[in-house]
Each structure stands twice: as C-alpha cells, then as structure tokens.
Amino acid sequence: MSDVTNNTTESESSDQRTDFIREIVIADNKSNKWDGRVITRFPPEPNGYLHIGHAKSICLNFGIAQQFGGKCNLRFDDTNPTKEEEEYVQSIIQDVKWLGWDWEDRLYFASDYFQQMYDWAVELIKQGKAYVCDLAGDQVSLYRGSFTQPGKDSPWRNRTVEENLDLFNRMKNGEFPDGSRTLRAKIDMASPNLNMRDPVMYRIMHATHHRTGDKWCIYPMYDWAHGLEDSIEKITHSICTLEFENHRPLYDWFLDQLGIYHPQQIEFARLNLTYTVMSKRKLLQLVQEKLVSNWDDPRMPTISGMRRRGYSPESIRYFAKKIGINKFNSTVDFALLEHCVREVLNKTSPRIMAVLKPLKVVITNYPEAQVEELDAVNNPEDASAGSRKVPFSKTLYIEQDDFMENPPKKFYRLSPGKEVRLRYAYFITCNEVIKDSAGNITELRCTYDPATRGGDAPDGRSPKATLHWVAADTALKAQVNLYDHLFTKENPEEAEEGKTFKDAISTDSLKVLENCFVEPSVKTAPALTRYQFERLGYFCIDPDSTSEKLVFNRTVTLKDTWTKLQKKQ
RNA sequence: UGGGGAAUAGUGUAAUGGUAGCACAACUGCCUCUGGAGCAGUUAGUCUAGGUCCGAAUCCUGGUUCCCCAACCA
C-alpha cells in the first residue's frame with residue numbers, strides 16, 4: 001500500500017488518530033488473533049460513482065492496511081446485474097487510484113465467486129439449513145411478520161433435502177421464471193431480528209451480468225454473499241457502515257454453519273456533509289434529471305466532481321483523517337473540507353495572476369510600446385517552485401472590485417488620488433476616472449513611479465494594498481466558472497411538507513464569467529492543473545478547456561476578510 | 001408495539017476512575033509585496049436525575065432524545 005501518485009506533505013504525515021477500529025486492530029495484533037495479518041477491503045457495488053463518503057471508507061480501509069503493514073483489496077460487490085454497469089466499475093477504479101491507493105494485483109469481483117457460493121449453498125441445503133421457497137414476494141413479507149409480531153413458517157420450509165437440492169439445481173438451470181422461487185436460510189421466523197427470519201439467499205433473475213453474461217440466472221443476496229467474499233479473501237476486519245449492524249448476526253451465522261474462515265465485521269458511521277446530499281439514489285437523480293451536468297459536475301460531492309473542481313487527492317485524504325471515525329451520526333461542516341483543501345493547495349499550488357472582472361487601466365506616463373518582463377515568485381510557501389516572468393505594459397487590467405470612486409473606511413485598494421502597489425510591478429496612482437454615457441466606469445488613467453520597479457520603493461514607503469493585474473496585450477482570455485454550494489440548506493434532505501431535496505437546489509451555485517484574463521504563463525498547461533489566482537482563490541483547468549478557449553473552475557476562494565467585513569456592515 | 005446502536009463547545013473529535021484537550025467556525029490583535037499564509041489570544045462543552053467513589057465524561061440505576069431494521073437492494 002503506497003501513495004504512488006502523490007507526494008506526502010506535512011499535513012498528512014501528522015500522527016494518525018487511533019479510532020475505535022484501529023484500537024481493535026491493535027488489540028488483535030497484540031493477542032495474535034489473526035497471526036499478525038491485517039487484511040481489509042473496499043467493497044463497492046458498481047451502481048454509481050464514488051463520493052466523498054466513500055472516500056472516508058476508502059481511506060479507512062486502505063489507511064489501516066498501510067498503517068499496520070497489511071493489505072487492502074478492491075472488490076466489486078456485483079451481485080445484482082439489474083443495477084450494475086461496467087461504466088461504474090471503470091470510474092470506481094479510476095477514483096480509488098486517483099485518491100492515491102494501490103491494491104496491486106488484488107482486484108476482485110464477487111461474481112468470480114459465484115460457483116463457490118453456489119457450492120456452499122448446496123452444502124447448507126444438505127445440512128438442512130436452507131430450503132427452496134415458492135412464496136411470492138408479497139407473501140414472503142407477509143409471512144415475515146412485523147417488528148412486534150413474530151413471523152410464520154413458510155409452507156415450503158420442510159421440504160426434503162433431496163427436493164431442495166433438485167429444485168435449487170433447476171433454479172440455477174433457468175427452469176423457473178423470475179420471482180417464482182427463492183432459496184432461503186432456515187433460521188428462526190420468530191427472531192426479534194428480522195434479518196434472521198429465514199432470509200433469502202438466492203433470487204431468480206434472468207438478467208445479463210456485466211461480467212458473467214448469461215451464465216447465471218440466480219444471484220446471491222448481499223447477506224449471503226458478503227461474508228463468503230470476505231471469507232474467501234481471508235479478510236481480517238470487515239469494515240462497513242452502521243446500518244449493517246443488524247446484519248452482523250446473520251453474517252456470523254452463515255460463516256458458522258459452513259465452518260469456514262470467519263472475519264470480524266465492524267461498523268462505523270457514514271459521512272454526512274452540510275450543503276450536500278450523499279445518497280447514490282439522489283446523486284443519480286441529479287444526473288438523470290440534468291440538474292447538474294454529469295457525475296463529474298464540480299458541484300457534485302463525487303470524487304470525480306471534486307477532481308474536476310480542483311480538489312487534490314491529498315486534500316481529500318487529509319480531510320478523511322481529520323473527521324475521525326465513530327459510531328454515531330454526525331454532519332461535518334463543509335467549511336472543514338474547504339479548510340483541508342486550502343491547507344494543501346496553499347502549499348502546493350503555483351500562483352498566477354488573473355483578472356476575473358476586468359477594469360482597464362492606462363499608465364499615462366509609461367512608454368507607448370514598451371513591454372517589461374518582471375520577476376514573480378511562483379509560490380511563497382515553496383522556495384523550490386522558483387519564479388517566472390510576467391509582462392508589464394502601458395495598458396493593464398485590474399479587478400473591478402479593486403477600485404472604488406468613493407471608498408468607504410478601511411477600503412485599502414485603489415481610488416482617485418490613492419497610490420497602490422501592483423504586485424511584482426510598480427506603484428501606481430489613480431488620476432482620472434473615465435465613464436461611459438451611462439455613468440459606468442470604463443477606464444482608469446494612472447501614473448506609475450518608475451523608481452518602484454519590482455514593487456519596492458527606495459524611500460521605503462509601502463502602500464496598504466497590493467493588487468493583482470494582467471497586461472492587456474499579452475493576457476489570455478479565459479472563461480472562469482465560479483462554483484458555490486449546490487444547495488441552499490445545510491441539510492437538503494430535511495424538506496418541508498410537499499417539498500423534496502431538489503427544492504433546496506441553489507440558483508447561483510454556478511456563475512460563468514466569460515471575459516476573464518489570465519497571465520500568458522498558463523497557455524500550455526494540461527487539464528486539471530491547479531493554480532492559486534493571487535488574492536482570489538484556487539482554480540484549475542477544466543478538462544474541456546482548449547488552447548483556443550481556456551476554461552478554469554474555481555476550486556475554493558481564499559479566505560476573504562474584506563468581504564466578511566463588508567457583510568457585517 | 002419488538003430488536004439493535006448512540007449521546008462531550010455552533011460543528012467534528014480526544015480524554016479508557018485522576019487538571020475536560022485539539023481542530024474547524026466565530027471574534028480580537030500582531031505581521032505581511034496576496035485583506036492569502038503565518039503568529040498570539042478570546043468566546044464556548046460532558047443529554048438528564050439519582051447512586052458508588054477521596055475523586056466520574058468514564059462505573060451502576062432510572063429517564064430523555066436521536067439513528068437503523070419489516071427489498072427477491074447493497
């Protein structure tokens with residue numbers, strides 16, 4: 001287990017918190033329960049794209065294996081061909097890899113174990129612990145009883161072993177229609193745990209499986225299959241989410257009846273995040289109803305969406321580490337995720353200058369055709385990132401927000417008569433404001449102080465503000481997509497009467513700015529390259545970006561105390 | 001009207017009978033060629049009622065609240 005694709009920085013090398021699951025692993029190692037082995041697995045069903053909640057589980061399982069010198073398998077739990085697709089398999093492989101984890105040659109599929117599972121089912125039948133039931137679906141649930149009422153035995157519960165064997169074989173051979181029969185475990189129809197009331201092990205499904213094709217027309221249920229998969233792979237700690245706690249007695253029962261290798265199932269709480277939804281069903285709905293562009297829409301909490309948004313794998317791993325592991329439901333503040341993203345990106349992203357809402361500035365005392373190349377530091381947090389040249393000339397663009405004709409108190413930026421520093425360039429003073437007939441400011445006329453080249457004055461004076469800028473002639477035009485929360489409510493699931501989570505979708509989660517300018521140094525950068533636009537935030541090149549039409553996605557803003565100040569007033 | 005889990009600042013977590021700590025958020029300052037970063041500080045917590053104990057977030061008893069379970073989904 002190694003981070004092959006990502007460098008580990010300080011933020012990650014900090015000590016791993018010992019959660020209750022790691023405590024179990026440590027205790028097991030101490031007692032030699034598993035002979036020192038630690039084998040975990042990440043077992044997704046390929047029926048959707050992975051999201052940040054899965055990342056928590058991935059980092060837990062792979063992280064434990066890494067920490068204790070064990071292994072973590074990637075296993076597709078592909079037991080339901082009607083919901084699963086190859087596209088999802090590929091996306092999941094890509095996402096886990098991108099997150100920085102390596103399963104080496106241990107890529108497994110539950111469907112590869114179908115024959116073994118079948119054989120074990122036959123064994124259970126021979127033991128008299130499983131039977132073929134002819135009850136229809138609605139009848140099965142009727143016989144199951146309720147929370148407070150015990151169930152009733154199926155009329156087919158006491159078939160002979162021979163009859164069960166014959167019927168199960170014929171189920172496998174495709175002699176019966178879908179839904180006509182099931183194989184059920186014979187446990188206890190009066191158990192207070194409904195999962196133990198003769199759970200279905202196999203159902204008939206004449207469906208084409210994405211890997212086994214039409215070879216099988218019976219498919220194992222989760223409860224039957226999952227423990228067997230874990231057993232086959234000699235998993236030591238089978239980590240799953242809280243809702244499977246009720247299933248653990250069944251997990252244990254199947255393995256005990258068969259007398260085969262028996263991992264320990266441990267449950268932890270899934271992740272909830274403010275301002276987002278996490279269920280695969282709802283995410284699928286957003287995609288299918290075109291409420292987002294696709295699974296990798298940068299507003300989606302999917303791994304692919306976050307990748308496109310510009311989140312780095314390291315920042316997601318850092319986040320997973322910070323949220324911890326527990327056994328109760330909690331909702332993590334989205335701001336913590338953003339903090340983790342900023343923390344990592346601050347240390348790793350090269351800085352460039354870009355102007356999102358351009359305001360033309362003419363330096364009246366600057367020579368007409370002159371262009372200077374000025375030195376700019378690539379990353380003040382990382383000396384090894386070096387420096388680059390940025391062109392400066394008579395006509396520039398600055399940010400509209402960086403000028404105010406009638407500035408309020410504490411507005412440090414440019415205003416008439418005021419001097420500011422242009423980053424890495426010169427001090428300029430605004431002398432004249434030019435407006436169109438409607439009164440909109442269209443241009444600023446400024447003078448520069450030639451003695452301040454590079455951004456320092458010989459007399460030691462230092463303006464309160466430093467602005468970012470681009471030279472008009474050499475700047476590249478770009479589209480910039482500004483993203484915000486997809487939902488307006490902290491908990492979109494909590495919908496009022498007659499409303500759904502979709503009613504909480506934000507109308508300004510995406511703002512497209514078409515007339516942005518970026519410095520020329522980014523011209524040939526590949527898709528997904530991450531930058532900090534100085535004073536604005538972190539941005540990355542969208543995969544749809546071309547050299548003819550540059551497109552950037554805003555990952556997250558910089559912390560902005562000025563905006564905060566304004567909002568308070 | 002059954003069974004299974006769980007409750008620590010606004011949020012996420014630590015403390016495993018011995019000073020309730022950390023992070024995010026919020027708020028103050030300092031510093032700064034990014035109103036970024038960094039530095040220093042402030043606010044704020046053991047669900048509840050009893051009990052055991054020199055001492056309880058932790059152990060015991062009762063209560064409260066929340067989550068999960070009645071798919072041929074996982």
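Every chain is numbered from 1, with letters handed out A, B, ... down the list of sequences.
- Annotation: side chain of A:K564 is not in contact with side chain of A:K559 (no heavy-atom distance under 4.5 Å).
- The same atom, P, is picked in B:U46 and in B:U8; the two are 11 Å apart, to the nearest Å.
- Counting only heavy atoms from C-beta outward, the side chains of A:L536 and A:F539 approach each other to under 4.5 Å.
- A:E243 has a carboxylate O that lies under 4.0 Å from a charged side-chain N of A:R270, or vice versa, which qualifies the two as a salt bridge.
- Under the 3.5 Å distance criterion, the side-chain polar atoms of A:D560 are matched with a main-chain donor or acceptor of A:T563.
- One P atom belongs to B:U64, the other to B:A49, and the distance between them is 15 Å to the nearest Å.
- For the pair A:K567 NZ and B:C27 P, the interatomic distance rounds to 11 Å; values are reported in whole Å.
- Within the 4.5 Å cutoff, the side chain of A:V341 has heavy atoms near those of the A:L337 side chain.
- Nucleotide B:C22 holds its P atom 17 Å from the CG atom of A:L336, rounded to whole Å.
- Taking every side-chain heavy atom of A:K564 into account, B:A26 is the closest of B:A26, B:A25, B:G12.
- Residue-to-nucleotide proximity on RNA chain B shows that, of A:D456 and A:I323, the 5′-proximal contact is made by A:I323.
- Rounded to a whole Å, the CG atom of A:D188 is 18 Å from the P atom of B:G2.
- Between B:A15 and B:G2, the distance separating the two C1' atoms is 36 Å to the nearest Å.
- Spacing between atom OH of A:Y251 and atom C1' of B:G4 amounts to 18 Å, rounded to whole angstrom units.
- A:S387 is linked by a side-chain contact (heavy atoms from CB on, under 4.5 Å) to nothing, counting only residues two or more places apart in sequence or in another chain.
- The same atom, C1', is picked in B:A6 and in B:G12; the two are 16 Å apart, to the nearest Å.
- A distance below 6.0 Å separates the ring centres of A:F76 and A:F109.
- Rounded to whole angstrom, the span from the CG atom of A:N491 across to the P atom of B:C67 amounts to 11 Å.
- The gap from the P atom of B:U28 to that of B:A9 amounts to 25 Å, rounded to the nearest Å.
- Comparing B:A25 with B:G17, their P atoms are spaced 34 Å from each other, to the whole Å.
- Rounded to a whole angstrom, the distance from the C1' atom of B:C66 to that of B:C60 is 24 Å.
- The pair A:D112-A:R211 counts as a salt bridge, with a side-chain nitrogen and a carboxylate oxygen less than 4.0 angstrom apart.
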>> Base contacts versus sugar-phosphate-only contacts with protein, heavy atoms under 4.0 Å: please encode nucleotides 35-44 of chain B as B, S and - from 5' to 3'.
In response: BBS-------

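- Paired regions of RNA chain B, where each region holds three or more successive Watson-Crick or G-U pairs whose two hydrogen-bonding distances fall under 3.5 Å, are B:2-7 with B:64-69, B:10-13 with B:21-24, B:26-30 with B:38-42, B:47-51 with B:59-63.
- Annotation: A:F533 is not in aromatic contact with A:Y538 [ring centroid separation under 6.0 Å not met].
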> Nucleotide by nucleotide, 5' to 3', does protein get under 4.0 Å of the base (B), only the sugar-phosphate (S), or neither (-) in nucleotides 68-74 of chain B, counting heavy atoms?
Replying inline: BBBSBSB

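- You'll find the ring centres of A:Y275 and A:F487 outside the 6.0 Å limit.
- With a glycosidic angle no further than 90° from 0, B:A71 counts as syn.
- A:T331 comes within 4.0 angstrom of the backbone, heavy atoms only, and of no base.
- Across B:A44 and B:U11, the matching P atoms stand 16 Å from one another, rounded to whole Å.
- Following rounding to the nearest Å, A:K322 (NZ) and B:U11 (C1') show an atom-to-atom distance of 13 Å.
- For A:C59, the side-chain contact (heavy atoms from CB on, under 4.5 Å) partners are A:W101, A:R317, A:A320, not counting sequence neighbours.
- Ionic pairing of A:K327 and A:E245 is present here: one or more N-O contacts between side-chain nitrogen and carboxylate oxygen are shorter than 4.0 angstrom.
- Remark: P of B:U16 and CD1 of A:I26 are 14 Å apart, rounded to the nearest angstrom.
- Remark: A:C516 engages A:L356, A:V480, A:L513 in a side-chain contact (heavy atoms from CB on, under 4.5 Å) (not counting sequence neighbours).
- Atom CD1 in A:I24 sits roughly 14 Å away from atom C1' in B:U16 (whole-Å rounding).
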